[in-house]
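Everything on this sheet refers to the single structure shown next.
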There are 2 protein chains.
Amino acid sequence: MTTIKDVAEKAGVSVATVSRVINNEKYVNEDLRRYVLKIVNDMGYQPDGIARGLRTKSTNVISLVIPDINNPFYPEVARGVQSVADEYEYVVILCNTDRVVQREQKFVNILNQQRVEGIIINPSGSTRREMNILARLNIPVVLISSQNILPNFDIVMVDNIQGVGLAIDHFYELGHRRIGLVGGSREVSSGEQRYQGYIQSIARHGIPVEEELITEGKFDHNGGYECMKRLLKLKNRPTAVFAANDIMAIGAVSAIYETGLKIPDDISIIGFDDIAYSRMMYPKLTTVSQPKFEMGAIATQMLFERVTGQEIPNPRRKILDHSLVIRDTTQRI
Amino acid sequence: MTTIKDVAEKAGVSVATVSRVINNEKYVNEDLRRYVLKIVNDMGYQPDGIARGLRTKSTNVISLVIPDINNPFYPEVARGVQSVADEYEYVVILCNTDRVVQREQKFVNILNQQRVEGIIINPSGSTRREMNILARLNIPVVLISSQNILPNFDIVMVDNIQGVGLAIDHFYELGHRRIGLVGGSREVSSGEQRYQGYIQSIARHGIPVEEELITEGKFDHNGGYECMKRLLKLKNRPTAVFAANDIMAIGAVSAIYETGLKIPDDISIIGFDDIAYSRMMYPKLTTVSQPKFEMGAIATQMLFERVTGQEIPNPRRKILDHSLVIRDTTQRI
DNA sequence: CTGTTAGCGCGTTCAG
DNA sequence: CTGAACGCGCTAACAG
């Protein structure tokens, strides 16, 4: 690796001058600048980001920590993150925890050591202990799609309770009264919130909440499949089902098809997220849409406002718009 | 941030001793070690990865550069990469180029400056120029699912030509003779190879190659959709279609459904990759399966063999097994 | 406008 | 077994 010193020697100037040239500082003679630049190019010199980082206390890297890279929701968020990170000339380290909290903590530790300048995270769990670990880091943290137990972090999310409300309202208007829940793990905040949204909406319509209609599983395809299986075994099975996310909804669809039932003729179904696949599948999935790319982009924007040292005293909470996208998996009873 | 010096002062020892303790070196008194360790924990000291990196010339980070994070194929590969990176206590910087070559080059430059220790890449393009840029880096590079123009890099891939052969053979055995191609961009090597596989297999069965049955589009849902649209407009449309990857196949399915045709009754279809959706959708997609997770894991393993300085003289080429997974989108004519 | 000097935080000699 | 001194490659003062 050629260093700044090599360049300086070859150019017959001091390292300081080379440093000034490559950092585009003023106060360097135009001719000299051009000359040095030429040498830099000739030698293929690229400044060592590590050494520079040690000096400037900046690494130009942030990180995105997510629970499930196989759920297309997160890649879409990641694209949003990258798009604004690009503007700032930052790279992003993507960490996928596969929902194991222990891995998440290990990542956070390593990231801290690597001196990333900020973290955007959708926690794999939401206990106070985990939040404390994040709080102890001395770098900005933005939470995505997650309720904060400690009021320390900026948050970007949609209103899950209202979102689920839209879904249940739609079922109600279509005449459904026996509505099941294919719920996600209530140990993560979106799981809990969507559960609450279900309960509240059902109650609001004066429908009795029935335990047997409520299931809970992992936030993935198999989780949805298993939950739906249970619902289908009921003597009096639901005519409509809300699933806590699209992947679970797709799992539920698989379960329903397996028993020979038709969608939406026999059972209506609504998901949450509006991943790309929802409009690629047949029948196309009715779902509560949340702005994934924007969520990543806005979170990153908020992160950089802190990374760049702007003093923003209070944690901010940004609620993004959601909407019900009615497609082909819902039908009047 | 507390530094090694702070710890040393508090413990009343030299920084060298603290360094030895945290790096688990021998030759330090057991009692002293325990004492220092306690101080380290009390103060919550974490060594600065940047400073350490400057000294040791190692950053403990590698990178994975992919063209399309929205194609579930790549997240699966990424999981494989992460799984072995974890073992080595490395983190991985994920760069998504959205298939723009220019972005890829920018990433590679930044990564080089950040002194990542190795790169796993599925190039967004495959020109000699791009390969040269990679070759000039002085770090190990492993190519995934990509032919190498320059014989400089380790490669992990499946035999695309044989893979497509499996698909065409299956069509042939089912009685199909009019077989269309929903092809991916031939500017990337997997696109070109799968095209060649199609041509060769068709010819091998003594079927005349017809230009009108061959289309080419972007390697995504819309690409497949557009290609299929063109095929459907033909006076004499194909009875079977091979798509260059599953996402394109799903796009083709959308196009077919839009015209009211049935799958597989009216048209049979086979994809490539075997992404998770392929078995979640209805009808379930027949496809050529390649081992995604393993591909990432093996590539990373090969990368680390070079990162850790083992002298492996010749570039290696690892061909992984593929197989045809027959599901519900193919049928006897 | 340019060069000299001094660290950033750490790991590594080399003495002791 | 332990400590003092040096330097990794770079940028930030401070002189000139």
Side-chain angles (χ1 to χ4, degrees), chain A residues 1-37 39-40 43-61 89 110-117 138-139 309, chain B residues 1-37 39-40 43-61 89 109-117 138-139:
Chain A
M1 275 290 104
T2 82
T3 73
I4 197 173
K5 202 173 155 196
D6 300 331
V7 177
E9 277 170 12
K10 185 120 172 189
V13 298
S14 73
V15 292
T17 300
V18 180
S19 175
R20 290 190 186 102
V21 170
I22 60 178
N23 289 304
N24 264 314
E25 278 176 42
K26 292 176 60 176
Y27 305 131
V28 44
N29 180 285
E30 237 348 276
D31 290 344
L32 218 200
R33 176 188 299 276
R34 266 195 289 273
Y35 176 64
V36 170
L37 234 32
I39 307 251
V40 164
M43 301 181 74
Y45 166 71
Q46 286 201 305
D48 184 324
I50 301 301
R52 181 180 266 175
L54 181 59
R55 203 44 245 243
T56 61
K57 298 287 157 215
S58 67
T59 52
N60 279 34
V61 4
E89 301 266 310
I110 296 181
L111 293 170
N112 186 230
Q113 286 190 202
Q114 300 285 4
R115 299 295 186 254
V116 303
E117 296 181 43
N138 287 309
I139 54 174
Chain B
M1 275 290 105
T2 82
T3 73
I4 197 173
K5 201 174 154 196
D6 301 332
V7 178
E9 277 169 13
K10 185 118 172 190
V13 297
S14 71
V15 293
T17 300
V18 180
S19 174
R20 289 189 186 101
V21 170
I22 59 179
N23 289 303
N24 263 314
E25 277 176 43
K26 292 175 61 175
Y27 304 130
V28 43
N29 182 285
E30 239 347 277
D31 291 343
L32 218 201
R33 176 189 299 278
R34 266 196 289 273
Y35 176 63
V36 171
L37 234 33
I39 306 254
V40 164
M43 301 182 74
Y45 167 71
Q46 287 200 303
D48 184 323
I50 302 301
R52 180 180 266 173
L54 182 58
R55 208 36 251 243
T56 62
K57 298 291 158 209
S58 68
T59 51
N60 279 33
V61 5
E89 300 267 310
N109 271 329
I110 296 180
L111 294 171
N112 187 229
Q113 285 190 200
Q114 300 284 4
R115 301 293 187 255
V116 302
E117 296 181 45
N138 287 310
I139 53 174

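The model shown is predicted, which means the values in this text are computed figures rather than measured ones. Protein chains get the first letters and strands the later ones, always in sequence-line order, with residue 1 at the start of each.
Across the protein-nucleic acid pair, B/Ile4 atom CD1 and C/dT12 atom C1' stand 12 Å apart, rounded to whole Å. If you measure from atom CD1 of A/Ile50 to atom P of C/dG9, you get 15 Å, rounded to the nearest angstrom. Atom OH of B/Tyr35 is separated from atom P of D/dT2 by 13 Å (rounded to the nearest Å). What separates CG of A/Leu54 from C1' of D/dT11 is a distance of 10 Å, to the nearest Å. Per the geometry, CG belonging to B/Asp48 stands 12 Å off P belonging to C/dC8, to the nearest Å. Across the protein-nucleic acid pair, A/Tyr45 atom OH and D/dC10 atom C1' stand 7 Å apart, rounded to whole Å. B/Glu25 places its CD atom 12 Å from the C1' atom of D/dC1, with the value rounded to the nearest Å. Between the NZ atom of B/Lys26 and the C1' atom of C/dG11 there is a distance of 19 Å, given to the nearest Å.
Rounding to the nearest 0.5 angstrom, the gap separating the CE atom in B/Met1 from the CG atom in B/Asp48 is 9.0 Å. Distance check, rounded to the nearest 0.5 Å: CD1 of B/Ile110 to CG of A/Asn60 gives 8.0 Å.
For B/Tyr27, the side-chain atoms get nearest to D/dT2 when compared with the rest of C/dT2, D/dT11, D/dT2. For B/Ser14, taking side-chain heavy atoms from C-beta onward, the closest of the listed nucleotides D/dA4, C/dG9, D/dC1 is D/dA4. The side chain of A/Val15 sits closest to D/dT11 out of C/dC1, C/dC10, D/dT11. Closest approach to the B/Thr17 side chain among C/dG11, D/dT2, C/dC1 is made by D/dT2 (side chain taken as heavy atoms from C-beta onward).
When all heavy atoms of B/Leu54 and A/Ile50 are compared, the pair lying nearest together is N-CG2, 3.6 Å.
Remark: A/Arg52 is in phosphate contact with D/dT11, judged by side-chain N or O atoms under 4.0 Å from OP1 or OP2. Dashed line: the shortest gap from a side-chain N or O of B/Thr56 to OP1 or OP2 of C/dG11 is not under 4.0 Å.
Under the 3.5 Å distance criterion, the side-chain polar atoms of A/Asp6 are matched with a main-chain donor or acceptor of A/Thr3. In this structure, A/Glu117 contributes its side chain and A/Thr59 its backbone to a donor-acceptor pair below 3.5 Å. A/Glu25 places no side-chain N or O within donor-acceptor distance of the main-chain N or O of A/Ser19, the cut-off being under 3.5 Å.
The residue A/Lys57 sits close only to the backbone: its heavy atoms come under 4.0 Å of sugar-phosphate atoms, none of a base. Among the heavy atoms of the strands lying under 4.0 Å from B/Thr3 are primed sugar atoms or P, OP1, OP2 only; no base atom is included. Using a 4.0 Å heavy-atom criterion, one finds that A/Leu32 contacts the sugar-phosphate atoms exclusively.
Side-chain contact between B/Arg33 and B/Asn24: present, with at least one pair of heavy atoms (C-beta onward) separated by less than 4.5 Å. In this structure, the side chains of A/Ile22 and A/Tyr45 come closer than 4.5 Å at one or more pairs of heavy atoms.
Interface remark: the A/Arg55 side chain does form a donor-acceptor pair with the C/dG7 base, using a distance-only criterion of under 3.5 Å.
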Pairs under 3.5 Å (N/O, protein and nucleotides 13-16 of chain C):
none

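Take the nearest nucleotide of DNA chain D for B/Arg115 and for B/Glu30: the residue whose nucleotide is more 5' is B/Glu30. When each of B/Met1 and A/Asn29 is assigned the nucleotide of DNA chain C with its nearest heavy atom, A/Asn29 is the one assigned upstream, toward the 5' end.
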